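Just so it is clear, the structure is predicted and the values come from calculations on it, not from any experiment. Chain identifiers are assigned alphabetically (A, B, ...) following the order of the sequence lines, protein sequences preceding nucleic acid strands; residue numbering begins at 1 within each chain.
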Number of protein chains: 2
Amino acid sequence: MAESGDLESSIIKTFRNSGYRATPQRIAISRYILSTHEHPTAQKVFSEVKKDHPTVSLATIYTTIKALKDMGMLQELNHPQSETRLDPNMEPHLHLICSRCERISDWMDPEMEDFIARVSDEADFVVTGLRFDLKGICKRCRDGGKGDRSLAAAGESSSAKDADYTAVKV
Amino acid sequence: MAESGDLESSIIKTFRNSGYRATPQRIAISRYILSTHEHPTAQKVFSEVKKDHPTVSLATIYTTIKALKDMGMLQELNHPQSETRLDPNMEPHLHLICSRCERISDWMDPEMEDFIARVSDEADFVVTGLRFDLKGICKRCRDGGKGDRSLAAAGESSSAKDADYTAVKV
DNA sequence: CTGCATGCAAAGAGTTTGCATAGCC
DNA sequence: GGCTATGCAAACTCTTTGCATGCAG
């Protein structure tokens, strides 16, 4: 991609401005996480980065993730019975999580901030952060039949995971 | 409490209707989880139930939680860098999570369903479950100063955990 | 009585940490 | 060159599983 150089130099600047050293491993890890939209797991980052840096270790992945979180570049998404996934989108948004293909899509909604502001006001609760996930079936999986399970945990039924979200009558 | 007998017999019925045996341990575990509003961890359930059933094991806590989830009585709430917490409220609602005292309060909002229905429609995504958390500072902690950290992880700064929620400008 | 549930301990998964070496600044 | 970051492996935390015994139905 044409702008990979731009991304890379901005990553280097960000690390140095925060007092971190910009090592090749950190740059590669950050470049992958910040440019993908697939909300990867730490293991996924590990296997992707290993293609270019075969000696990289999982410990370095986790340390770099922690640094990126510390610098406000990244947040983590936890779900019951599944690994933590990473999200470089720091704007208020919600997640559409497909039970079938395990894909996580971001959805920006203009009304969300108003909604939150009203709840914050009514509940007398000063909101500093949010996390909004909708679980369900994406259009692609409804159209395409079985869907792409490449990101799904092998052999695990997705309906079991649905039990961890408040049911919504459809 | 006066209705503990009612809760107990309804727990027994629920287990038997689903083909589970209603053992004293399961009844005690379920009674505690279903009647508390503090969204306990498995460890908290363990220590509470041990008061009446000193020989109960953590494995039984976890298998009972799994049974309750299976019966649709319970969901789990995961947050980065903290243990899974339990929520017996199965109605669509959102969570107000205080960074200071670690308390989790439920908030029912009449507009939430409309909001979700609209997103579902616009995104062409069939919603089956939801998870909506707001992180911030509760009124009690703002009024009372330091707040009650009895549920907070010892020695851990709560600001670190805030990094895992999309920042909201206040 | 029959078979599921319990309690114990050990295994598992994901993540973190300790330490000697490597390499950024 | 000083000092942080790396890579390896071992430790850690939370959760799950295997198995012999116990007890609900």
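Rounding to whole angstrom units, CD of residue Glu76(B) and P of dC14(D) are separated by 14 Å. Distance, Lys69(A) NZ to dT16(C) P: 7 Å, rounded to whole Å. Rounded to whole Å, atom P of dC14(D) lies 13 Å from atom CD1 of Ile65(B). Nucleotide dA24(D) holds its C1' atom 10 Å from the CZ atom of Arg26(B), rounded to whole Å. If you measure from atom NE2 of His53(B) to atom P of dA5(C), you get 17 Å, rounded to the nearest angstrom. As rounded to whole Å, 17 Å separates atom C1' of dG25(D) from atom NZ of Lys13(B).
The two residues Phe15(B) and Ala67(B) come nearest to each other via the heavy atoms CE2-CB, 4.2 Å.
For the pair Ser30(B) and Leu68(B), the minimum side-chain heavy-atom distance is below 4.5 Å. Between Lys44(A) and Leu86(A) there is no side-chain heavy-atom pair separated by less than 4.5 Å.
For Lys66(A) and dT17(C), the shortest distance from a side-chain N or O to OP1 or OP2 is below 4.0 Å.
Residues Arg85(B) and Glu38(B) are not paired through a salt bridge, judged by the lack of any N-O separation under 4.0 Å between the basic side chain and the carboxylate. Between Arg131(A) and Asp133(A) a salt bridge is recorded (basic side-chain N to carboxylate O distance below 4.0 Å). A salt bridge between Lys66(A) and Asp70(A) is absent, with no side-chain N of the basic residue lying under 4.0 Å from a carboxylate O of the acidic one. Look at Glu76(A) and Lys69(A) and you find a salt bridge, because one of the NZ, NE, NH1 or NH2 atoms lies within 4.0 Å of a carboxylate O, short of that distance. Under 4.0 Å is where a charged nitrogen must lie from a carboxylate oxygen, and between Asp143(B) and Lys139(B) at least one such pair does.
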Residues Asp106(A), His39(A); criterion side chain to side chain donor-acceptor pair (under 3.5 Å); working and verdict:
CA-CA 10 Å; Asp106(A) 288 349; His39(A) 302 79; 2.9 Å; yes
Please list, pair by pair, any protein nitrogen or oxygen found under 3.5 Å from a nitrogen or oxygen in nucleotides 22-25 of chain C.
unit_1, atom_1, unit_2, atom_2, d
dG23(C), N2, Arg21(A), NH1, 2.8
dC24(C), O2, Arg21(A), NH1, 3.4
dC25(C), OP1, Arg16(A), NE, 2.9
dC25(C), OP1, Arg16(A), NH2, 3.0
dC25(C), OP1, Ala22(A), N, 2.9
dC25(C), OP2, Arg16(A), NH2, 2.5

Tabulate atom names and distances for all N/O pairs under 3.5 angstrom spanning the protein and nucleotides 8-15 of chain C.
unit_1, atom_1, unit_2, atom_2, d
dT15(C), OP1, Thr84(A), OG1, 3.0
dT15(C), OP2, Tyr62(A), OH, 2.3
dT15(C), O5', Tyr62(A), OH, 3.1

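The distance from atom NE2 of His53(B) to atom OG1 of Thr23(B), rounded to the nearest 0.5 Å, is 8.5 Å.
The terminal axes of the helix from dC1(C)-dG25(D) to dC25(C)-dG1(D), fitted over 5 pairs per end, subtend an angle of 40° to the nearest 10°.
Between His95(B) and His93(B), the distance separating the two ring centers is shorter than 6.0 angstrom.
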